[in-house]
Amino acid sequence: MLLLILLLAACAPQATRIDGFRSQGPIYSNAVLDLTTLAGRWTQVAAFSATGAAGCAPGVAEFTAAPGGLILSGRLCLNGTNLSYRGPMAFTGPGRLTPAARAPRPLDREWWVLWADTDLRTLVIGTPDGSFGFILNRGGALPADRLVAAREILDWNGYDIGRLALLR
């Protein structure tokens, strides 16, 4: 009987790594979030990083309202590298933003808002290809309960949370 269970377990589908920090599988954006409510200044508190990647200081993202989307002025720490973008972010789907001007890789792809807490103090952003994922916070330090919730959302969306680094 044990052998049969082990054989069945070996036949179960395994998550396969795709480009970046998440496994292949479903990912969900926040379809009910009004993206205009993201306006304001956010501090990056965590991001995914490859083992051995250099560290960098927490990033900052400032969103301002614009016709058809938002304007982002930001510097983010992604995979141990500082990347900057200043330009329009178009609304490209429910809970989805895409840089509408030239942006450095991997910032040049569609950003999915995976989760926002009910008071819009913490925001989790990722990409279907897993090229990046990060946590933004505003209004002070990130409390432990919201960090736990953000990590659970990333894990549920296929991210390897063992590679999520807090930025200090």
Side-chain angles (χ1 to χ4, degrees), residues 5-6 8-35 37-38 40 42-61 63 72 74-83 85 89 91-99 105-168:
I5 292 171
L6 290 173
L8 288 174
C11 294
Q14 301 296 313
T16 56
R17 178 92 14 230
I18 60 175
D19 293 342
F21 300 103
R22 65 178 295 272
S23 299
Q24 190 170 15
I27 184 170
Y28 302 93
S29 64
N30 187 327
V32 297
L33 180 66
D34 175 2
L35 294 173
T37 62
L38 301 183
W42 297 82
T43 301
Q44 184 185 22
V45 295
F48 287 90
S49 183
T51 304
C56 46
V60 175
F63 293 101
L72 170 63
R75 178 196 51 81
L76 297 168
C77 177
L78 299 179
N79 200 16
T81 301
N82 284 312
L83 296 173
Y85 175 74
M89 298 290 287
F91 298 160
T92 53
R96 300 170 191 178
L97 301 160
T98 302
R105 290 184 57 114
L107 294 178
D108 59 347
R109 59 211 64 208
E110 192 172 53
W111 301 20
W112 288 30
V113 177
L114 305 179
W115 178 75
D117 75 304
T118 57
D119 295 323
L120 289 171
R121 297 162 297 172
T122 304
L123 191 65
V124 176
I125 295 178
T127 60
D129 69 2
S131 57
F132 66 82
F134 55 86
I135 302 170
L136 298 175
N137 194 61
R138 62 177 162 188
L142 177 64
D145 63 329
R146 291 201 317 258
L147 175 59
V148 167
R151 289 174 55 89
E152 288 175 354
I153 290 295
L154 287 162
D155 184 42
W156 191 68
N157 279 283
Y159 277 87
D160 179 357
I161 59 170
R163 296 168 72 187
L164 182 67
L166 294 178
L167 303 174
R168 304 198 189 278

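- A distance of 12.0 Å separates CH2 in Trp112 from CG in Asn30, rounded to the nearest 0.5 Å.
- Side-chain N or O atoms of Asn157 include one that pairs as donor or acceptor with a backbone N or O of Ile153 at under 3.5 Å.
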Residues Leu147, Val45; criterion side chain to side chain contact (heavy atoms under 4.5 Å, CB included); working and verdict: CA-CA 9 Å; Leu147 175 59; Val45 295; 5.9 Å; no
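- Going from atom CG of Leu107 over to atom OG1 of Thr127 covers 10.0 Å, rounded to the nearest 0.5 Å.
- Between Pro99 and Met89, some side-chain heavy-atom pair lies under the 4.5 Å cut-off.
- Across all their heavy atoms, Leu167 and Cys56 have their closest contact at CD2-O, 3.9 Å.
- Taking CG from Asp155 and OG from Ser23, the interatomic distance works out to 9.5 Å, rounded to the nearest 0.5 Å.
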Decide yes or no on side chain to side chain contact (heavy atoms under 4.5 Å, CB included) for Leu120 and Arg138, but give the supporting numbers first. CA-CA 8 Å; Leu120 289 171; Arg138 62 177 162 188; 3.7 Å; yes
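- For the pair Arg75 (side chain) and Pro58 (backbone), a donor-acceptor distance under 3.5 Å is present.
- Side chain of Asp145 to backbone of Val148: no donor-acceptor contact under 3.5 angstrom is found.
- Here Arg121 pairs with Asp117, Asp119 under the salt bridge (Lys or Arg N to Asp or Glu O under 4.0 Å) rule; sequence neighbours left out.
- If you take CZ on Arg146 and CH2 on Trp115, they are separated by 7.0 Å, rounding to the nearest 0.5 Å.
- In this structure, CG in Asn82 is found 8.5 Å from CD in Gln44, a value given to the nearest 0.5 Å.
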Please test Leu38 against Leu97 for side chain to side chain contact (heavy atoms under 4.5 Å, CB included), starting from the C-alpha separation and ending with a verdict. CA-CA 11 Å; Leu38 301 183; Leu97 301 160; 4.1 Å; yes
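- Classification of the Phe48-Phe21 ring pair by plane angle, with boundaries at 30° and 60°, yields parallel.
- To the nearest 0.5 Å, the span separating CZ on Arg105 from CG on Leu83 amounts to 11.5 Å.
- Among residues two or more places apart in sequence or in another chain, the side chain to side chain donor-acceptor pair (under 3.5 Å) test is passed with Thr92 by Thr98, Glu110.
- No side-chain heavy atom of Leu164 sits under 4.5 Å from any side-chain heavy atom of Tyr159.
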Which is it for Ile125 and Trp42 under the side chain to side chain contact (heavy atoms under 4.5 Å, CB included) test, yes or no, and what are the steps along the way? CA-CA 12 Å; Ile125 295 178; Trp42 297 82; over 6 Å; no
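- A distance-only check finds no donor-acceptor pair linking the side chain of Asn79 to the backbone of Phe132 [under 3.5 Å].
- Just one residue in the list Thr122, Thr43, Leu136 forms a side chain to side chain contact (heavy atoms under 4.5 Å, CB included) with Leu142, and that residue is Thr122.
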